Each structure stands twice: as structure tokens, then as C-alpha cells.
Amino acid sequence: MTDPAHGPDNHPREETRAETHIKAADDSGVSDIPPGTADTPRPDRSRRSPDSSEQALGDFTTTPKILPLVPLAVMIGVLGAGISLALLDMIGFFTNLFYFQRLSVHLVSPYGSTLGAISVLIPIGGGLIVGLMARFGSEQIRGHGIPEAMERILINGSKVQPRLAILKPISSAISIGTGGPFGAEGPIILTGGAVGSLVGQLFHLTAAQRKSLLVAGAAAGMSAVFGTPVAATLFGVELLAFEFKPRSMVLIGIAAATADALRMVMASAGLVAPQPLFPVPSHAPLGGVVLLGAVAVGIACGFAAWLMTQAVYRSEDLFKKLTGHLNWMWWPMIGGLIIGFGGLVDPRALGVGYDTIHSELLGQLGVSALALLFVVKLVIWSGGLGSGTSGGILAPILMMGAALGGVLGHVLPGASPGVWALIGMAGALAGVTRSPFTAIIFAFELTHDQNSLLALLVVATVSHLVSVLVLKRSILTEKVARRGFHVMREYSVDPLEATFVREVMDTDVFTVEPTRQVSDLYRALGEGSPERRQRLYPVLDANGDLVGVLPWSAVLASRVSARQVSEAMIAPMAIAYPDEILRSVADRMAGLGVGVIPVVDRADTKHIHGIITQFDLLAARQKLLEEERHAERVLTLRRVTPRRPEADTATDTSEEPM
């Protein structure tokens, strides 16, 4: 059928077989089928025509089916922006109501409140309300939002309960408005995702399509709050989509851009703050000294990511010890008590803290103030989240990262403390979330400081490296793991997508003729022989054409009867072609629940090339493992020894005779 040293299309095979042919069974046992039947040499196809199957394969699998989803992405962008900005107004309303006893939706910080020690009661009251909402409304409002969105994607088919889209923003607004040291972005991401999911549930869509719309809603919310559409798109792709495909990226980008466009319209009308959210003074491009300092800040931020993650989940573990002694709906009150006393120590740590972050980036806080802010924020933030209240993590990470960078900036040369605060902010975000590209672009879009881009790249890269080495899971995936699921954050090309059937199929195939009795065939198949392990036997007629297949189960069922192969054989449930990729075959096998199928010629489906099993699919993975594990030295540097120059003439020491 094929040359022993090559595949069916004269392509070199990676394995070497003793034989490459189809075997046929006769009454005496196993023998080679006659040349000119199924083993007839096929034409040379080493040079394929432009319309061959391989040439028809594309870089992406996205189809025009995505086009009807584009208007939905635009609608989700509008809805996500509206709901997100409404949440900010609710936070402003509750902050003004509880800390300043006035009716206003303007976003302010509790820092300016003059209530004094009595303000400790405000976070406690907020924790009580959130606990009751979680107990009698939906327990899913607990937490900081992003892991909950990931969980909906992983285990619930991207379906979100409608009431969550209402309860989550209200509970978060109350939690943050009563002094909770959380960001609004986490709840907004979950709420925007809920809106995207609800829109998707109104139409006849697959779980993958609903996932794209859910992440599009989350990105729209983040874009509307911060005015960072590119970072929001990257965040959705890096963290929530669990894939890098056009079917998701296109919808996420459209929703984020739509939300930001709507935000700019509102900003021009004076309804929201203009972009960038944290404008900083311009400065000269940063030099090499700053880049070296960014390495140091990156290392510090990587270990700070470990500290922040451990603080949150150790706090959560402490609260879980109260199980059986105190119902979990009362835990947010204890978290509120921690927040309240922390607010007395440093009120800058309360609330969303956007004004505090801006002050850090402007270099307006001294070393002692930055150090105190970092410690207090870490304690009350981790204590609040551990108690199960509702709030986000991005703004607190930005604040603590900027504080760390600002402290180091008073020691490191080459830039102002405000620039170092920006570098620390990006490093902390990259280390905690494990999303370095999002951290770089997020810091840039928040400030429009293009002269710091190279330093942001350095700090995010180093922090990401340290984080992945010292932490198994991020602060986002740890919660998902604690609920019994695993999230892999590494994306690579599936080896099944890059390997053809002809590279792994078995061409040394045992075949049978239709007229033979199954009982005779059973006796001919020796125990433990390769032929018995084949499990599926192509049935070829006298001309070598495929007329059916005989499963091993049919052989067992008819081993004591007088049935012929033609009576027991069945039509192939599926077939494969030598020039198709393994991903298509794997999907076919999974869909039909079969583990072995025949491989036939695309132009002549009666001509069999071999069979392929689910074990052959593992050969593609084996090739990838070999590339990752097999280390070799390809080039060798040889020491070059200089050659001594030869004498032009030999020295003659003898004298000529007189």
C-alpha cells in the first residue's frame, strides 16, 4: 500500500515499521494480500495541488456564525456600561449617606468624614446588610466577583441567575459605600458578565457562545469604569475566556469598545470623569537605571503577590473555623469590625480609594504614609474578603502596589516617587492576577504615561516570573480550586491541530474476507496476538474494496455460531482520511463514542489506508512531550588553536664545499 519508509503520501514517517502493508486472513492463517488490490501503490502526492485538503485548512476555525452575535456584543456593551456607571453612582450615594449624611451620587472617599470613632459602626452595619442579602437572596453575591464569573464559565455552561445581576451590584454598593476597602470592578465584572449571560440565554446559543457574551459583558463593565478598553479586552482573553480564539476575542473587543465609547460621551457631558482616570505629569523617557530598579520592584511585587494571596485565604480559613459556632451570614459583621478599626488608623484605606491611588501616582504621600497605607489596606482588605462580604480586588491591588512602589521609589534613583508608584502598581497587578499584558496596558491606559511603557514591561515580566515560581495558583484561581476545579492558565497549540492522520495511523492492518466464518476467524486469532488486539477488522472483498468492518465484540458474539463475516459485519460508524488533522478525528470519535475507525482514501472511500485508534491520537501528545523534555546540544563551540606559520625556506646549516 505504501513504501515502508514513508507514509501513504510519500511523506517521511516518524516511526519505522518492519512492514507497512495490509494483511489478509485465509484458511491457513495470515498472509499478505495480493499486489494490485488494497495494497496497490498510490500516485505520488508529495507535491499537492492548491485545492488539496491541507491547503483548505485555515489558521482559525471561526465561521460566519459569529456575525449574528456582533449586534448582541454591541448591546451588551451598552448595557454593561450603563449598569457599571449606575453601580458607581450607588457607591457614591451610600458613601455620602452614611459618612456625610447627605444625598448625592458623587463618588467621594470616607477619608474626609468627621464622624470619628462612631464611624466604626458603619462597616459593621454594611456587613450585616450584605450577610442578610446573601442568606436570604443569593449566596453567590459573596466574594470579589471574578472567581465567581470563572466558576459560571467552567461548571455552569456560562449561565447566570437573573437575580444575581440585581443583588450583586446592590450588595457591592452597600459594602463599598459603608467603607469596605474594595474595588467596584470585581462586582462590575460579575454583573456585566451576568448581563451578557442573560442576553445569551434569551437566544438559541451554545455554551461556548454564551461564554463569549458573558466575558464580553465583564469586559464592558471594566472598560466603562476605568476607561481602559484595550486592557479590559486583554483581561477577558487572558483570564476569563480560557481560549484565544476570534470567536471570543472579537465579541469581547466590540463590547469593551462600545462601553468605552459610551463612557466618553458621558464624560463630555460631565457625567463621569474624563480619561485617563489618573492623569500624571509628563516626564522624560526612563533610562537604564530605572529599568534596573524596575527589576528590583518586580521581585518585590512578586513576593507581595504571595503575601496578598496568602493573607486573603488565611483569613478565609480563619473564618471557616467559626463554622458550627456562628452562621456564615454573620461573618461580614466581624469583617466590618476589622474594617472599622482599620479606618480609624488610616481612613485613606477605606472605600474604592481612587483618589488615594491618584495621590500615590502624583507622589503626594510620604514614605511613612505609604507604608502605613499598605499595611492597613492589606489587613482590612484581606479580613473583609475572608469574611465573605462583597467587593472587588483590582483597586486594592493597585493601591497596595503603588504604595510598595512609592516606598521603594524613595530609595531607587532615576525617577520620581510617583513614577515608581506607577511601576509598582503594574507589578502588583501582574503578580497577583498572573495577567502581565493586562497589567502593562491597564497601567498605561489609566495614566497615558507612554514614557514608562518599557519599565512597565520589565516590572510586569519579573513580577509574573516570581509569582508563578512562588505561588501555585493566583488569588483568582485559588478560590476556584478550593471548590474542586482546576484552571490551567497556559495556552498553547493543541498537538492534535498540527498532526495529520497519515502520521500516526496504523497501516499494518489485519483484514478479513466476507465469506469466512466468524468462528474460524476467532480460532485463527491467537491469544495476545497483535491481530486480536486490533479490535476492528476491515472487511475487503475479492477486489480489495472495503465493504464493512467487523468489531471484536461481533467476533465474540458469533464465535460459536456458523455465521459468516458478511452477516456479522457492520457499516463503518465513521471514517477518517489520511490528510485530515487529528482534532477532527478526535471530535468524531468522542461524538460517536468509538475508539477505532478505518482510514480510507478521500477520492475512493473503498480503498483503505489503515486504521486509527484513540491510542494513536496520543502519538501527537508524545511528540510534544519529546520536544519539551528532550534536551540536546545542537551546536558545539570548538576551541580554535592558531596554526604556526611555516617557514618559507628550510634553514640549511651546512656549508657549501670550497
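Note that this is a predicted model, so its numbers are computed, not measured. All values below were derived from every heavy atom in this structure, side-chain atoms included, with hydrogens, water molecules and symmetry-related copies excluded.
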Is it true that a side-chain atom of Asp520 and a backbone atom of Gln517 form a donor plus acceptor pair closer than 3.5 Å? no
Residues, nucleotides or ligands: over 12 heavy atoms within 6.0 Å of Gln622 CD: no
Side chain to side chain, Ser387 and Glu316, heavy atoms closer than 4.5 Å: no
Check: Ile475 main-chain N/O paired with Tyr313 side-chain donor or acceptor under 3.5 Å: yes
In Å and rounded to the nearest 0.5 Å, what is the NZ to OG1 distance from Lys65 to Thr206? 9.0 Å
Is the side chain of Glu503 donor-acceptor paired with the backbone N or O of Phe500 at a distance under 3.5 Å, no angle test? yes
Applying side chain to side chain contact (heavy atoms under 4.5 Å, CB included) to Val585 and Ile597, what does each step give before you reach the verdict? CA-CA 9 Å; Val585 178; Ile597 58 177; 3.8 Å; yes
With side chain to side chain contact (heavy atoms under 4.5 Å, CB included) as the criterion, how do Leu550 and Leu536 come out once you've worked through the C-alpha distance, each side chain's angles and the decisive distance to 0.1 Å? CA-CA 6 Å; Leu550 183 67; Leu536 183 74; over 6 Å; no
Can you name the closest pair of heavy atoms from Thr233 and Gly253 and give their distance? OG1-CA, 3.6 Å
Check Thr605, Val539, Ile575 against Pro598 for a side chain to side chain contact (heavy atoms under 4.5 Å, CB included) and give me the one that passes. Ile575
Can you tell me how the ring of Tyr537 sits relative to the ring of Phe510, calling it parallel under 30°, perpendicular over 60° and tilted otherwise? perpendicular
Distance-only side-chain donor-acceptor flag, Asp601 / His609, under 3.5 Å: yes
4.5 Å side-chain heavy-atom contact, Phe615 and Val596: no
Closest contact, heavy atoms only, Ala554 versus Val518: O-CG1, 4.3 Å
Do Pro514 and Val547 make a side-chain contact, defined as non-hydrogen atoms from C-beta onward lying under 4.5 Å apart? yes
Any donor and acceptor pair, going by atom type alone, linking the side chain of Trp331 with main-chain N or O of Leu326 inside 3.5 Å? yes
Will you find, in the side chains of Gln201 and Ser197, an N or O donor that is under 3.5 Å from an N or O acceptor? yes
With a 4.5 Å heavy-atom cut-off, do Val504 and Leu617 have their side chains touching? no
Main chain of Lys168, side chain of Ser171: is a donor-acceptor contact present, judged purely on distance under 3.5 Å? yes
Should Asp579 and Arg602 count as an ion pair when the cut-off is N to O under 4.0 Å? yes
From Arg533 atom CZ to Thr613 atom OG1, the distance as rounded to the nearest 0.5 Å: 12.0 Å
Less than 4.5 Å apart, any side-chain heavy atom of Ile189 and any of Leu240? yes
Atom CD of residue position Glu490 - does it have more than 12 heavy atoms of other residues, nucleotides or ligands inside 6.0 Å? no
Polar side-chain atom of Thr323 near backbone of Lys320 as donor-acceptor pair, under 3.5 Å: yes
For His607 and Val600: C-alpha separation, side-chain torsions, deciding distance, then whether side chain to side chain contact (heavy atoms under 4.5 Å, CB included) applies. CA-CA 6 Å; His607 180 85; Val600 300; over 6 Å; no
Please list, chain by chain and in numerical order, all residues satisfying salt bridge (Lys or Arg N to Asp or Glu O under 4.0 Å) with Asp494, sequence neighbours excluded. Arg583
Can you give me the closest heavy-atom contact between Gly548 and Pro572, atom names plus distance? CA-CD, 4.4 Å
If you measure from CD on Gln310 to CG on Leu471, what distance do you get to the nearest 0.5 Å? 6.5 Å
Not counting sequence neighbours, which residues clear side-chain hydrogen bond (donor to acceptor under 3.5 Å, both in side chains) with Ser467? List them please. Arg434
Side chain of Thr477, backbone of Arg473: donor and acceptor closer than 3.5 Å? no
Report yes if the side chains of Pro538 and Ile611 come closer than 4.5 Å at any heavy-atom pair, otherwise no. yes
Student check: side-chain heavy atoms of Arg247 and Phe60 closer than 4.5 Å: no
Looking at Asn543 and Asp545, would you say the former's side chain and the latter's main chain have a donor-acceptor pair under 3.5 Å? no
Checking Ser519 against Arg559: is there a side-chain donor and acceptor pair closer than 3.5 Å? no
Consider side-chain hydrogen bond (donor to acceptor under 3.5 Å, both in side chains). Of Lys211, Gln209, Glu243, which one does Ser248 pass it with? Glu243
Arg516 side, atom CZ; Leu521 side, atom CG - distance, nearest 0.5 Å: 5.5 Å
Quick one: do Arg588 and Glu580 make a salt bridge, cutoff under 4.0 Å? yes
Test side chain to side chain donor-acceptor pair (under 3.5 Å) applied to Lys245 and Thr62, step by step: CA-CA 8 Å; Lys245 295 183 178 181; Thr62 303; over 6 Å; no
Looking at OG of Ser390 and CG of Leu167, how far apart are the two atoms once the value is rounded to the nearest 0.5 Å? 10.0 Å
Looking at Gln564 and Thr515, what are the two nearest heavy atoms and their distance? NE2-O, 3.4 Å
Hey, is CE on Met249 packed in by over 12 heavy atoms from elsewhere, all under 6.0 Å? no
Value rounded to 0.5 Å, distance of CG in Leu214 from CG in Leu251: 12.0 Å
Test side chain to side chain contact (heavy atoms under 4.5 Å, CB included) on Thr438 and Leu239; report intermediate values, then the result. CA-CA 9 Å; Thr438 298; Leu239 192 63; over 6 Å; no
Which heavy-atom pair separates Ile254 from Ala73 by the least distance, and what is that distance? CG2-CB, 4.0 Å
Quick one: does Arg621's side chain get under 4.5 Å of Leu625's, heavy atoms only? yes
Is a side-chain donor or acceptor of Thr309 paired with a backbone partner of Ala305 at a separation under 3.5 angstrom? yes
Which pair of non-hydrogen atoms, one from Met589 and one from Ile612, has the smallest distance, and what is that distance? CE-O, 3.4 Å
